[in-house]
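Only one structure is covered here, and it is reproduced in the block below.
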Amino acid sequence: MNWLTGSTTEILTALKAEVKLVQEDNQEIEEQVRQIIHQVIQNGDKALKNYSKKFDQVELEDLFISKETIDLGYQRVEDEVIKALEAAKENIVSYHQKQKQHDFMDTEKPGVLRGQLVLPLARVGVYVPGGTAAYPSSVLMNVLPAKIAGVEEIIMVTPPSVDGIPDVILAAAKIAGVDKIFQVGGAQSIAALAYGTETVPKVDKIVGPGNIYVATAKKQVFGTVGIDMIAGPSEIGIIADETANPAYIAADLLSQAEHDTLARAILVTDSNQLAERVEKEIYRQLETLPRKEIAKQAIENHGMIIIASTVEAMFTIMNEIAPEHLEVQLRDPISYLHEIKNAGSIFLGDYASEPVGDYFSGTNHVLPTSGTAKFYSPLGVYDFVKYSQVTYYTKEALAQAKDAIALLARKEGLEAHARAVEYRFK
């Protein structure tokens with residue numbers, strides 16, 4: 001792992017220079033994605049099938065996954081896995097139901113009614129990654145908040161494979177309540193959701209994590225549709241002192257490193273002894289990991305141990321990093337909650353390991369990355385609604401306000417605005 005020491009100012013300067021907290025544009029990928037989107041707009045399903053053959057080595061007759069296929073996949077999944085998915089669903093639902101917002105109306109002044117309507121989106125597209133692993137948890141995390149929000153139709157896309165869509169993905173989709181599934185992935189699936197094809201319906205918003213091509217496609221179609229966020233590689237930051245268990249810290253750092261060779265795993269501590277023990281423990285645990293090569297590359301290229309001088313400095317540094325996942329392994333960790341300004345999801349104490357949030361606690365695991373926790377939030381019910389304002393005035397109430405309205409309109413040089421109010425009193 002890379003070590004970083006010095007004063008807080010020196011560490012922050014080094015982080016800004018060495019760690020790219022904002023994704024840089026890759027012009028080659030941008031152009032490739034632009035061409036893919038253009039082809040899907042022009043050729044619809046034919047383009048999707050061609051790209052599936054090119055990128056996934058799968059020749060597809062049908063993009064749509066039938067209900068019978070979903071049901072058979074569900075039936076093939078082990079009972080204990082179904083029970084675990086159902087238990088996770090219960091926790092996700094109970095947490096996200098508390099995020100629901102409601103309409104309001106106020107009548108603070110006579111003759112005036114103001115309000116806000118909370119309206120669910122009509123149709124949402126959910127991208128579920130494929131590739132090196134299957135992610136049934138991502139199905140639950142993306143779909144269930146949309147269901148709670150009242151979204152009318154949820155369309156799921158996921159990359160095809162020669163062996164078909166993994167049964168556990170189909171089972172999770174059935175449990176979560178997905179309406180339609182299409183076996184299409186990559187930038188082409190984002191284009192299909194954004195613009196529609198003969199088979200894939202156009203949606204109002206696209207959510208879900210993916211690789212650099214998916215993220216780039218989401219960025220390019222934003223404006224035609226809504227998106228949740230532009231997510232980068234997984235990351236975890238851990239703040240710990242000498243009381244923390246180095247084996248726990250190493251395991252948690254590796255839990256993110258195994259995702260991707262670009263994943264970031266960062267420990268910030270004020271204890272040199274703990275840091276040394278954690279580094280040794282990481283390499284010991286690496287030896288038995290099935291995804292050893294991926295995790296090792298991530299640890300050696302993007303892993304970091306930062307030695308801070310004080311607890312206050314640890315939080316200053318981590319708030320600048322703004323990690324996707326933040327663990328606080330200090331004495332009385334809850335007392336430090338007010339020190340955290342920028343983090344996607346926060347885990348307090350020795351036993352709130354990051355995977356608890358990935359799978360089971362009910363908090364969402366679709367989170368801002370690459371420092372975007374400074375201005376983005378975790379995926380939630382609020383991502384699947386929109387708001388409309390309501391105004392009602394009686395003639396008497398407008399009479400009280402008309403002169404001020406006309407004055408402000410003319411101050412801006414908009415005479416028709418002023419007259420639109422004044423004509424009602426001629």
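All residue numbers in this chain count up from 1 along the given sequence. Worth knowing before you read on, the calculation uses all heavy atoms, side chains too, and leaves out hydrogens, waters and symmetry mates. The model shown is predicted, which means the values in this text are computed figures rather than measured ones.
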Quiz item: Will you find, in the side chains of His365 and Ser345, an N or O donor that is under 3.5 Å from an N or O acceptor?
Solution: no
Quiz prompt | Beyond-backbone contact of Leu253 with Ile236, side-chain heavy atoms, under 4.5 angstrom | solution = yes
Quiz item: So, the side chain of Asp167 versus the backbone of Tyr74: is there a donor-acceptor pair under 3.5 Å, distance only?
Solution: no
Quiz item: Is any side-chain N of the basic residue among Lys402 and Glu422 closer than 4.0 Å to the acidic one's carboxylate O?
Solution: no
Exercise. Would you kindly say whether Thr199 and Thr197 are connected by a side-chain donor-acceptor distance under 3.5 Å?
Key: no
Quiz prompt | Residues which pass side chain to side chain contact (heavy atoms under 4.5 Å, CB included) with Val221, listed by chain and number, not counting sequence neighbours | solution = Ile37, Ile190, Ala194, Tyr195, Ile206, Val225
Self-check item: Sequence neighbours excluded - salt bridge (Lys or Arg N to Asp or Glu O under 4.0 Å) pairs with any residue from residues 341-360
Solution: none
Practice problem: Report yes or no: do Gln32 and Tyr213 form a side-chain donor-acceptor pair below 3.5 Å? | Solution: yes
Quiz item: Between Tyr51 and Lys54, is there a cation-pi geometry (under 6.0 Å to ring centre, at most 45° from the normal)?
Solution: no
Quiz item: Does a donor on one side chain sit under 3.5 Å from an acceptor on the other, for Asn91 and Ser94?
Solution: no
Exercise. Might you work through the salt bridge (charged side-chain N to carboxylate O under 4.0 Å, His left out) test for Lys374 and Glu320, ending with a clear yes or no?
Key: CA-CA 9 Å; Lys374 291 178 179 178; Glu320 178 60 33; 3.2 Å; yes
Quiz item: Is the side chain of Tyr336 donor-acceptor paired with the backbone N or O of Val311 at a distance under 3.5 Å, no angle test?
Solution: no
Self-check item: Any donor-acceptor N or O pair under 3.5 Å, side chains Ser161, Asp163
Solution: no
Quiz item: Does Lys205 pair with Asp383 as a salt bridge, N-O distance under 4.0 Å?
Solution: yes
Quiz item: Is any side-chain N of the basic residue among Arg331 and Glu242 closer than 4.0 Å to the acidic one's carboxylate O?
Solution: yes
Quiz item: Taking atom types as modelled and ignoring hydrogens, do the side chains of Gln220 and Glu30 form a donor-acceptor contact shorter than 3.5 angstrom?
Solution: yes
Quiz item: Is the shortest distance from a Lys or Arg side-chain nitrogen in Arg114 or Glu108 to a carboxylate oxygen in the other one below 4.0 Å?
Solution: yes
Self-check item: Gln256: which of Arg264, Glu235, His302, His325 passes side chain to side chain contact (heavy atoms under 4.5 Å, CB included)
Solution: His325
Quiz item: Any chance the side chains of Glu31 and Gln35 put a donor and an acceptor closer than 3.5 Å?
Solution: yes
Quiz item: Taking 4.0 angstrom as the limit, do Asp179 and Arg123 come out as a salt bridge?
Solution: no
Quiz item: Going by an N to O cut-off under 4.0 Å, is there a salt bridge joining Asp79 and Lys83?
Solution: no
